[in-house]
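As a basis for the values below, the full set of heavy atoms in this structure was taken, side chains included, without hydrogen atoms, waters or symmetry mates. Order of the sequence lines fixes the chain letters, A, B, ..., with proteins taken first and strands second; residue numbering starts at 1 for each chain.
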4 protein chains.
Amino acid sequence: MSGTTRSRRADAERSLAALLAAAADVFVADGVNAPVRAVAARAGVGVGTIYRHFPTRADLVVAVYRHQVEELAASGAAAAAAAVAPLDDLRRWVHRFTDFLVTKHGLASAVSTDDATSGALHALLVERLVPTCGALLDAAESAGLARPGTDPYQLLRGVGNLCIGAEGDPRYDARRLVDLLLDGLRHP
Amino acid sequence: MSGTTRSRRADAERSLAALLAAAADVFVADGVNAPVRAVAARAGVGVGTIYRHFPTRADLVVAVYRHQVEELAASGAAAAAAAVAPLDDLRRWVHRFTDFLVTKHGLASAVSTDDATSGALHALLVERLVPTCGALLDAAESAGLARPGTDPYQLLRGVGNLCIGAEGDPRYDARRLVDLLLDGLRHP
Amino acid sequence: MSGTTRSRRADAERSLAALLAAAADVFVADGVNAPVRAVAARAGVGVGTIYRHFPTRADLVVAVYRHQVEELAASGAAAAAAAVAPLDDLRRWVHRFTDFLVTKHGLASAVSTDDATSGALHALLVERLVPTCGALLDAAESAGLARPGTDPYQLLRGVGNLCIGAEGDPRYDARRLVDLLLDGLRHP
Amino acid sequence: MSGTTRSRRADAERSLAALLAAAADVFVADGVNAPVRAVAARAGVGVGTIYRHFPTRADLVVAVYRHQVEELAASGAAAAAAAVAPLDDLRRWVHRFTDFLVTKHGLASAVSTDDATSGALHALLVERLVPTCGALLDAAESAGLARPGTDPYQLLRGVGNLCIGAEGDPRYDARRLVDLLLDGLRHP
DNA sequence: GATGAATGAGATTTCATTCAT
DNA sequence: GATGAATGAAATCTCATTCAT
């Protein structure tokens with residue numbers, strides 16, 4: 001009995017994970033605005049299956065990235081707590097954020113946009129990452145390494161924006177520009 | 001006869017200018033992705049008229065901004081030629097570029113995107129502004145005021161990206177981030 | 001063993017009754033067209049369980065109301081047999097029918113409709129209530145209190161129709177209109 | 001020039017009329033809830049054409065019936081103004097309303113329902129017909145031929161309800177029941 | 001017996017673009 | 001040259017019903 005239950009739940013979890021993986025693939029390939037139907041096709045399921053798990057397209061998108069966002073938030077918080085080399089910590093964390101964004105076609109723009117589609121994603125990113133970014137910034141400022149008065153929300157959005165369209169344009173190097181931005185943050 | 005011809009041509013030019021003005025209004029209000037019908041309605045013409053002048057939506061968008069892009073290119077080129085205070089010239093020019101972008105809902109993203117819709121606009125911006133930006137950068141580098149090795153295309157795209165979604169989010173200040181980026185460009 | 005069997009059957013009956021009660025609740029709240037999933041959720045069972053007991057949505061609907069319909073049929077038949085004040089009996093019975101219908105969002109329309117969804121319910125109502133209504137009408141006609149020639153099926157459908165949408169519109173009073181209809185039935 | 005314009009407009013009007021006729025056909029056959037696509041297919045046009053003329057399904061439905069509703073309102077108003085035989089006028093007008101409704105599958109229920117789909121239709125019917133019905137009722141009451149205190153909205157809804165599902169059920173005669181209701185309205 | 005995940009047809013609505021007049 | 005009616009592919013979301021576990 002318990003065995004049956006467990007295996008069913010395991011199946012469900014596995015197929016849900018498969019679904020999220022398929023969605024992640026499609027989002028990488030076609031952007032986060034890819035039609036739900038495309039995700040369904042890729043996952044080999046009907047659209048209904050997706051809507052069963054995620055009542056709204058936005059819910060699916062959020063689910064796909066929540067894990068990584070949480071990890072990002074946690075790692076940054078840990079670094080801020082240690083604060084051995086505050087500006088380096090910030091830079092390292094921002095680099096991780098950058099890497100996260102540039103590999104997801106269309107995700108970076110969700111940091112900026114607040115429209116119906118990506119509103120939930122925007123909310124997730126802001127809610128989870130702004131505090132972490134703020135903690136890192138504070139540490140750097142307290143150590144006298146960064147000029148004061150920078151809003152972590154702005155910095156996050158700036159970095160997010162710099163990552164837009166980075167993938168697929170060999171002439172554009174988002175990481176380099178992000179570094180430039182961080183350099184500009186240093187105490188003059 | 002020649003008089004008639006001239007007045008007809010004048011008429012045509014005037015109505016075309018009116019059409020572009022209407023398009024500009026609509027793009028400011030609803031973004032560059034506004035439906036063609038909205039532009040037609042605003043201009044008081046049929047959609048067919050628009051498609052006659054501009055075979056594709058992209059052509060219309062390009063036409064709308066060509067003037068301002070040309071001016072921007074020219075003003076930058078003039079400043080680079082004079083080169084009295086190279087880094088300040090660059091900063092001033094970038095500020096003008098920033099002002100141009102943030103007031104056009106959705107235009108900034110066209111600097112990055114290369115898709116079907118805004119491909120032509122992207123091409124225009126790159127073709128006309130990269131050389132100017134490059135000249136200004138070169139001047140600043142030659143004067144030893146900016147670190148060498150920055151690709152003007154990248155800088156332009158970076159600035160463009162930072163302007164995305166600036167309008168309508170009071171917590172985000174594109175100009176401040178652009179300044180940060182330029183600060184980062186300074187010789188260390 | 002017999003004890004076990006009996007208790008199992010009792011369990012089954014109890015859970016089935018609970019299911020019907022849940023369905024009744026949902027139908028009152030959201031109408032008889034409420035999704036099966038809503039019923040399942042309310043009952044705390046899976047949809048499969050519902051489809052096991054009731055192969056079709058219509059079967060569920062019928063099962064939900066069968067009890068009350070039977071009671072209504074029986075009470076009317078008793079009154080017709082007694083026939084002390086035939087027209088009053090008819091009116092009282094029709095009032096009870098009216099009360100039954102107006103409290104069930106969307107049920108009244110099933111008296112009229114014969115489509116796939118509510119066909120079975122229609123059949124139940126017609127089969128069980130028309131004879132009773134006929135008996136009451138006959139009694140009233142025999143006593144010279146009602147004009148002859150009224151088809152009980154028609155009267156039932158008329159009353160049913162008058163109850164449609166009664167709930168939720170404070171400006172509409174189904175009972176008053178039903179009374180008007182019955183007044184029109186009186187011998188001129 | 002004027003000729004061209006006129007003929008184009010004439011074409012447009014003709015095709016719009018054809019579209020409304022097709023919609024009316026489909027509504028008679030499948031009810032007012034028939035999919036827009038069905039109407040498009042019947043009219044031999046694309047769905048876009050319909051949405052161009054009627055931004056919403058509801059707008060289409062309203063457009064289909066507006067003409068007849070207006071006529072009904074006008075004829076009733078005229079009769080109420082004359083008021084030679086008030087109760088007969090009311091009866092005649094109600095008969096016309098009845099005839100209007102029973103020939104349109106699913107229209108009658110719109111008199112009652114106020115949901116998203118048929119909200120606009122409900123509004124049209126109430127707005128245009130309640131005043132007329134009220135005038136006719138007043139005349140009949142003033143002449144001492146109808147019992148006072150009947151709300152025209154209620155009467156209209158009652159008649160509307162009685163017409164629901166009249167088409168296609170040979171055992172049901174909406175007109176007879178409407179007559180019964182009107183009889184009940186007479187002064188006792 | 002029970003479960004609930006999966007299915008997939010179908011409904012509404014939007015818009016770039018074409019083309020007969 | 002101008003017009004705007006027509007097109008139709010696409011996208012999101014809903015739900016009755018089936019069936020493997």
Q: Rounded to whole Å, please give me the gap between CZ in B:Phe54 and P in F:dG1.
A: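 It works out to 13 Å between those atoms.
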Q: Rounded to the nearest 0.5 Å, what separates atom OH in D:Tyr65 from atom CG in D:Leu121?
A: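 The CG atom of D:Leu121 is 8.0 Å from OH of D:Tyr65, to the nearest 0.5 Å.
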Q: I want to confirm an ordering. Mapping A:Gly46 and C:Ile50 to their closest nucleotides on DNA chain E, which one lands closer to the 5' end?
A: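 It is C:Ile50, whose closest nucleotide lies nearer the 5' terminus.
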Q: How close or far is atom P of F:dA6 from atom OH of D:Tyr51, stated in whole angstroms?
A: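 Interatomic distance, OH of D:Tyr51 to P of F:dA6: 16 Å.
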Q: Just checking B:Val47: base, sugar-phosphate only, or nothing, at a heavy-atom cut-off of under 4.0 Å?
A: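 Base contact.
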Q: Can you tell me if B:Arg42 uses its side chain to pair, donor with acceptor, with the backbone of B:Ala24 under 3.5 Å?
A: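 Pair absent, no side-chain N/O of B:Arg42 close to backbone of B:Ala24.
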Q: Please, what dot-bracket string fits DNA chain E when only Watson-Crick and G-U pairs with both distances under 3.5 Å count, crossing ones use [ ] and pairs to another strand use |?
A: .||||||||||||||||||||
Q: Within this structure, what is the CD-CG distance for the pair B:Gln68 and B:Leu107, rounded to the nearest 0.5 Å?
A: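 Going from CD on B:Gln68 over to CG on B:Leu107, the span is 9.0 Å.
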Q: Mapping D:Val45 and B:Gly44 to their closest nucleotides on DNA chain F, which lands nearer the 5' end?
A: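 Taking each residue's closest nucleotide, the earlier one in sequence belongs to B:Gly44.
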Q: Figure out the CG/C1' separation between C:Leu19 and E:dG4, and round it to whole Å.
A: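 Whole-Å distance recorded here is 15 Å.
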Q: Once rounded to the nearest 0.5 Å, what's the spacing between atom CG of C:Leu60 and atom CD1 of C:Ile50?
A: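 Atom-to-atom, C:Leu60:CG and C:Ile50:CD1 are 6.0 Å apart.
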Q: Whole angstrom is fine here: how far is it from CG in C:Asp30 over to P in F:dC15?
A: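 Atom CG in C:Asp30 sits about 10 Å away from atom P in F:dC15.
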Q: Hey, mind stepping through C:Phe54 and C:Val62 against side-chain contact (heavy atoms from CB on, under 4.5 Å) and telling me if it holds?
A: CA-CA 10 Å; C:Phe54 312 102; C:Val62 166; over 6 Å; no
Q: Relative to the 5' end of DNA chain F, which residue comes earlier, B:Ser15 or C:Pro35, by the nucleotide with the nearest heavy atom?
A: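 Residue closer to the 5' terminus by nearest nucleotide: B:Ser15.
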Q: Between the base of E:dT12 and the side chain of D:Arg37, is one N or O donor paired with an acceptor at under 3.5 angstrom?
A: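 When only heavy-atom distances are counted, D:Arg37 does reach the base of E:dT12 through a donor-acceptor pair under 3.5 Å.
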Q: Are any non-hydrogen side-chain atoms of D:Arg57 and D:Asn33 less than 4.5 angstrom apart?
A: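 In contact.
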Q: In this structure, how many angstroms lie between the C1' atom of E:dT14 and the CZ atom of D:Arg57, rounded?
A: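 That distance rounds to 17 Å.
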Q: B:Gly48 or C:His53: which one's nearest nucleotide on DNA chain E is closer to the 5' end?
A: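 It is C:His53, whose closest nucleotide lies nearer the 5' terminus.
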Q: Roughly how far apart are C:Thr56 OG1 and C:Tyr51 OH, rounded to 0.5 Å?
A: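 The OG1 atom of C:Thr56 sits 7.0 Å away from the OH atom of C:Tyr51.
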Q: Can you see if the side chain of C:Arg52 gets near the phosphate of E:dG1 - specifically, an N or O under 4.0 Å from OP1 or OP2?
A: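 Answer is no, no contact under 4.0 Å.
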